Amino acid sequence: MIVMSAGPTTVSREKLDYMMKNSTNTDIDKNYITIHRETEALISKLVNTNAKSFVMLGEAILGLEAACSSLIEEGDRVLVIHNGFFGYGFKYFIEMYGGIPVMLEMDYTKGLNKDILDEYLKKDSDFKFATLVHCETPSGIMNPIDEICSLLQDYGVLSIVDAVSSIGGEFIDFDKFKIDVLIGGSQKCLSVPSGLTLITISETAESIVLNRKTPIKSYYCNFKNHLEKSGSREFPYTMNDSLIYGLNISLKNILDTDYVSIHKEFGERVRNAFIKSGLKLYPKSHFSNTVTTVLLPDNITDVEIVDRMVQKGVFISPGVGHLEGKTIRIGHMGDNLDENMIIETLKALDEVFLEKNIVLECSLTESFMKYNVFF
Ligand SMILES: *Cc1c(COP(=O)(O)O)cnc(C)c1O
């Protein structure tokens, strides 16, 4: 099977083999502890900072929830800046831990707009922090988090950024962008199976977590337990060594390549193929280089296409949230970035559209192969 979905992504055979080596005891094996701490340093390196990073055992949603549970105390106001499914979803975690979400909705077809935010903050900036998403994976939009987080800092508002489907695929400078908490996941651009949440945290956010008036209302969703053991030989619970080995090798591979340019090139080529075919992309601007969201004609649903693609040996993603039924998504990130795999995917899609009597202006496969970003 070819995995071209928007996460979990393909995990290369070499990485899977490497993950299975030397499974010992993560609490006692000194070699494991060294690799674990090295992996945390590599996360910070990937996002260009000396700020602390740590890894929590659990799917990326754990990081989003734990950021809210660790930072919120009863009655705290939090600004939820949203232009998509994941951005909106922060609301639920904020409410769950006693915070008051204040919703700032922006155009769902474009990237977040800093001028609108500026106008808003001029009137009201009394927030403990704000939440936002870097890559809105359901809509295929990459938000300009550099502009948004810098502006938030000008108003003294901390930022929590969901970078689950951008970390390792898009350039992130944690310090320059003025991010306070960055949340990543293992199963998107990093191409490690799902099960790890990656957290990078600023000194300001760390001091808020460590100096709360009330205790954090969870043991597992708790940054403090990780921060207090940072750099030591202990973890708050037993870690998963094969996932950490996978993350370690993945981060080293990514840091050895010009991963931002590679994602950009493939992103442009995939988008171009769909545009040339006459199909419409969902976003009007701020196209993501890690995932492409394609609007479908009215007479067909996402599930019909996705199911038929599976029969042909290829996984792509259906729509999510308000785009359920109406869109399909290709994840061109991490180990999915293989020219032959993309060609096989587009070939299968060309066939499926033909079968379903949807006439394309030209073949997706040919447009992809012909397009050269350098001309
Ligand atoms: C994948 C993803 C998550 C994690 O959600 P799951 O769908 O449970 O994997 C969170 N935020 C974003 C932006 C994501 O793409």
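All residue numbers refer to positions in the sequence shown, counting from 1. Whatever order the structure lists them in is the order used to number ligands and atoms, beginning at 1. Keep in mind that the numbers below use all heavy atoms, side chains included, and drop hydrogens, waters and symmetry copies. Predicted model only: the values in this text are computed from it and were never measured.
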For ligand 1, what N or O to protein N or O distances fall under 3.5 Å?
residue  : atom   : partner : partner atom : Å
ligand 1 : 8 (O)  : Glu59   : OE1          : 3.3
ligand 1 : 8 (O)  : Glu59   : OE2          : 3.2
ligand 1 : 9 (O)  : Glu59   : OE2          : 2.4
ligand 1 : 9 (O)  : Gln187  : NE2          : 3.1
ligand 1 : 11 (N) : Asp162  : OD1          : 3.3
ligand 1 : 11 (N) : Asp162  : OD2          : 2.6
ligand 1 : 15 (O) : Thr137  : OG1          : 2.3
ligand 1 : 15 (O) : Lys188  : NZ           : 2.7

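- Remark: Phe353 engages Leu279, Leu296, Ile305, Ile328, Leu349, Ile358, Leu360, Leu364 in a side-chain contact (heavy atoms from CB on, under 4.5 Å) (not counting sequence neighbours).
- Although no hydrogens or angles enter the test, the distance criterion places a donor-acceptor pair under 3.5 Å between the side chain of Tyr220 and the main chain of Leu57.
- No option in Leu190, Leu247, Leu62 other than Leu247 meets the side chain to side chain contact (heavy atoms under 4.5 Å, CB included) test with Leu196.
- Salt-bridge check for Glu119 with Lys123: failed, with every basic side-chain N at 4.0 Å or more from each acidic carboxylate O.
- The backbone N or O of Ser12 lies less than 3.5 Å from no partner atom in the side chain of Thr10, so there is not a single donor-acceptor pair.
- Here Phe235 contributes atom CZ and His226 contributes atom NE2; the two are 10.0 Å apart, rounded to the nearest 0.5 Å.
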